[in-house]
Amino acid sequence: MHQLLTLGSQLPTAAGPCTIERFLGGGGQGEVYQVSVASQPPSALKWYFPQQATADQRQALQTLIRKGPPGPGFLWPLELIEAPQTPGFGYLMPLREPRFHGIVDLMKRRIEPDFRALTLAGLHLSQAFLALHAKGLCYRDISFGNVFLDPDSGAIAICDNDNVTIDGSDPGGILGTPRFIAPEVVRGEARPGTQTDLFSLAVLLFYLFHIHHPLEGRQEAEIKCFDLPAMTRLYGTDPCFIFDPADDRNRPVPGLHDNAIAHWGIYPEFLREHFTRGFTSGLRDPQARIRESEWRLALARLLDGIHYCGQCGAENFHDPAAGSAGTCWSCGQPLRLPWRLRLADALGGAPSRYPVLLNHDTRLYAHHLDPDRRYDFVTPLAEVNRHPSDPNRWGLKNLGPDKWVITGADGQLRDVEPGRSAGLVSGLRIDFGPLRGVLEG
């Protein structure tokens, strides 16, 4: 039940009167409403409780508004709102679209995103917090309640950005959400900052990919009373990664932690190594934690390695360290790799060790074909398609604005204009402009 603002009332904004349309929810700091401003799309308005509407909070908001959002995905404060007859203040921010769901919905299986969407969500999260930290800011409270994802596309929305501060500037304020707080903060040895954000991000990514917490194994199962001392020991004074290769005292327990057991072996060695490093040396030394840029690189590589089982259709991940295609995690049948594209720069650099797997639905983005737009997974520049008259023939269609030049086995050159396709033929070389590729099949 809302108590701060009256539905139908209006508040002044820079673009004109803001009409309070609908109560969306409340929390410890205030209440959030859906509002309309002039002819603009609906927005959200957070209004603080009187005890939370402090001068420090006002100054923090003004700093965030002046800095602007670090990138897409942040539901960032846009404008400070005050009214002469209404106590306190609030701020406008973008309204979260209905397509976004909370991570709790993933934990409870109310949404079932595929591995591609999960990987994209993790990649977008890594990119978002890299951009935030590059601005000298820290989030302090990365957790389930503040991150939302589109289960179809993997797009993300990050809310509660009014708690973002300049790294190292806030001696007080929130410490974070239990289970996501870094061990040194749990022990009272540090305050939230960029390094503790890295721990919380790693926990969130582990949850995304394993539907489980990285520190909750046998030690958690043996706790009889999950009180504050028990939580302090589990997450602060004696944390232990459930898959620590040098310490097996906290392994996941069959029947209790089946999600972690089932998912750990699905992923390639390079991703497991990142989690292992983040929750072993990264538990003890904040400087040893996986950086956002490392997660971003690993998840882009993970995305390019997705392929489908020919028997059951399940998504699998190619693991170059395994030395073979392996077997399907779902049905156990041998896997066969699809066509692969190895990319290199157009100046004759060595081809990438890690190919992009070309499935029936694969798209190549600016990330793949334009070195100046790495990690742009929004703009498709190529897609795999089937020949219109021969279902057994496949090609790579040019979706970009520039022509490609292909070189066949006979050494002949041919242009592939926008909208046209190059057939998938082993050994075919494609000059995309700044990059070139070689097909393997």
Side-chain angles (χ1 to χ4, degrees), residues 40-41 43-44 46 60-80 91-97 99-103 113 116-167 169 180 192-202 204-205 208 289-303 363 365-381:
Q40 300 177 5
S43 300
K46 180 172 180 177
L61 276 173
Q62 290 171 332
T63 298
L64 295 175
I65 292 168
R66 184 175 65 254
K67 282 182 171 290
F74 288 95
L75 305 182
W76 199 257
L78 301 175
E79 181 183 349
L80 186 70
Y91 68 90
L92 284 177
M93 59 182 163
L95 182 68
R96 175 164 54 88
E97 300 174 45
R99 65 188 174 108
F100 290 103
H101 297 259
I103 306 297
R116 185 176 299 276
L118 279 179
T119 304
L120 277 168
L123 196 153
H124 293 320
L125 284 169
S126 304
Q127 176 82 351
F129 287 110
L130 175 62
L132 181 87
H133 294 152
K135 281 197 157 191
L137 302 172
C138 63
Y139 190 84
R140 300 190 299 170
D141 191 22
I142 300 173
S143 65
F144 285 162
N146 303 326
V147 174
F148 298 81
L149 69 98
D150 178 348
D152 295 322
S153 70
I156 61 161
I158 301 172
C159 66
D160 287 347
N161 295 289
D162 53 330
N163 289 318
V164 171
T165 62
I166 297 173
D167 189 28
S169 68
F180 290 85
T194 297
Q195 295 302 126
T196 64
D197 274 0
L198 293 180
F199 178 82
S200 303
L201 175 61
L204 184 61
L205 292 174
L208 276 180
R289 288 172 184 156
I290 307 296
R291 304 296 309 182
E292 321 89 324
S293 56
E294 294 180 88
W295 284 120
R296 183 178 63 170
L297 179 62
L299 293 172
R301 182 178 164 191
L302 186 71
L303 187 67
R363 284 186 159 189
Y365 293 87
H367 165 78
H368 299 102
L369 304 182
D370 187 343
D372 295 328
R373 297 164 66 187
R374 293 296 304 276
Y375 306 104
D376 176 349
F377 287 92
V378 175
T379 310
L381 297 181

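- A pairwise comparison of heavy atoms in Y139 and I158 identifies CE1-CG2, 3.8 Å as the closest pair.
- When all heavy atoms of F148 and C159 are compared, the pair lying nearest together is CE1-SG, 3.5 Å.
- Under the side-chain contact (heavy atoms from CB on, under 4.5 Å) criterion, P72 pairs with no residue at all, not counting sequence neighbours.
- Looking only at distances, a side-chain donor or acceptor of D167 sits under 3.5 Å from a matching main-chain atom of T194.
- Residues passing the side chain to side chain donor-acceptor pair (under 3.5 Å) test with R291, sequence neighbours excluded: Q195.
- Separating the CD atom in Q62 from the CG atom in L64 is a distance of 10.5 Å, to the nearest 0.5 Å.
- Residues forming a side-chain contact (heavy atoms from CB on, under 4.5 Å) with T196 (at least two apart in sequence, or on another chain): A182, E184, V185, P192.
- For residues 67-79, no residue pair satisfies the salt bridge (Lys or Arg N to Asp or Glu O under 4.0 Å) rule, not counting sequence neighbours.
- Legend: residues meeting side-chain contact (heavy atoms from CB on, under 4.5 Å) with I290, ordered by chain and number and at least two apart, are H274, R277, E294, W295.
- Partners of D152 by salt bridge (charged side-chain N to carboxylate O under 4.0 Å, His left out), not counting sequence neighbours: none found.
- Residues meeting the side-chain contact (heavy atoms from CB on, under 4.5 Å) test with Q40, sequence neighbours left out: A15, V37.
- The heavy-atom pair separating Y375 from H367 by the smallest distance is N-ND1, 2.8 Å.
- Residues that satisfy the side chain to side chain donor-acceptor pair (under 3.5 Å) test with D150, not counting sequence neighbours, are R99, S153.
- Taken from CD1 in I103 to CG in L149, the straight-line distance is 4.5 Å, to the nearest 0.5 Å.
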Quick one: side chains of residues 117-133, donor-acceptor pairs under 3.5 Å with protein atoms, not counting sequence neighbours, listed by atom name and distance.
residue	atom	partner	partner atom	Å
T119	OG1	F115	O	2.7
S126	OG	G122	O	2.9
Q127	OE1	R296	NH1	2.7
H133	ND1	F129	O	3.1
H133	ND1	E292	OE2	2.4
H133	NE2	D197	OD2	2.8

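- Between the CZ atom of R140 and the OG1 atom of T165 there is a distance of 4.5 Å, given to the nearest 0.5 Å.
- Summarising the geometry of F377 relative to A300, their closest heavy-atom pair is CZ-CB, 4.3 Å, with the distance given to 0.1 Å.
- Listed by chain and number, the residues in a ring-ring contact (aromatic ring centres under 6.0 Å, His included) with F74 are W76 (sequence neighbours excluded).
- Between T379 atom OG1 and R363 atom CZ the span is 10.5 Å, to the nearest 0.5 Å.
- Counting only distance, with no hydrogens or angles, the side chain of D160 and the backbone of N163 share no donor-acceptor pair below 3.5 Å.
- A search for side chain to side chain donor-acceptor pair (under 3.5 Å) contacts involving D162 returns K46, Y48, Y91, not counting sequence neighbours.
- Atom-to-atom distance recorded for L205:CG and S200:OG is 11.0 Å, nearest 0.5 angstrom.
- Of all heavy-atom pairs spanning T63 and I166, the tightest one is CG2-CD1, 4.3 Å.
- The side chain to side chain donor-acceptor pair (under 3.5 Å) test applied to D141 returns N146, T177, not counting sequence neighbours.
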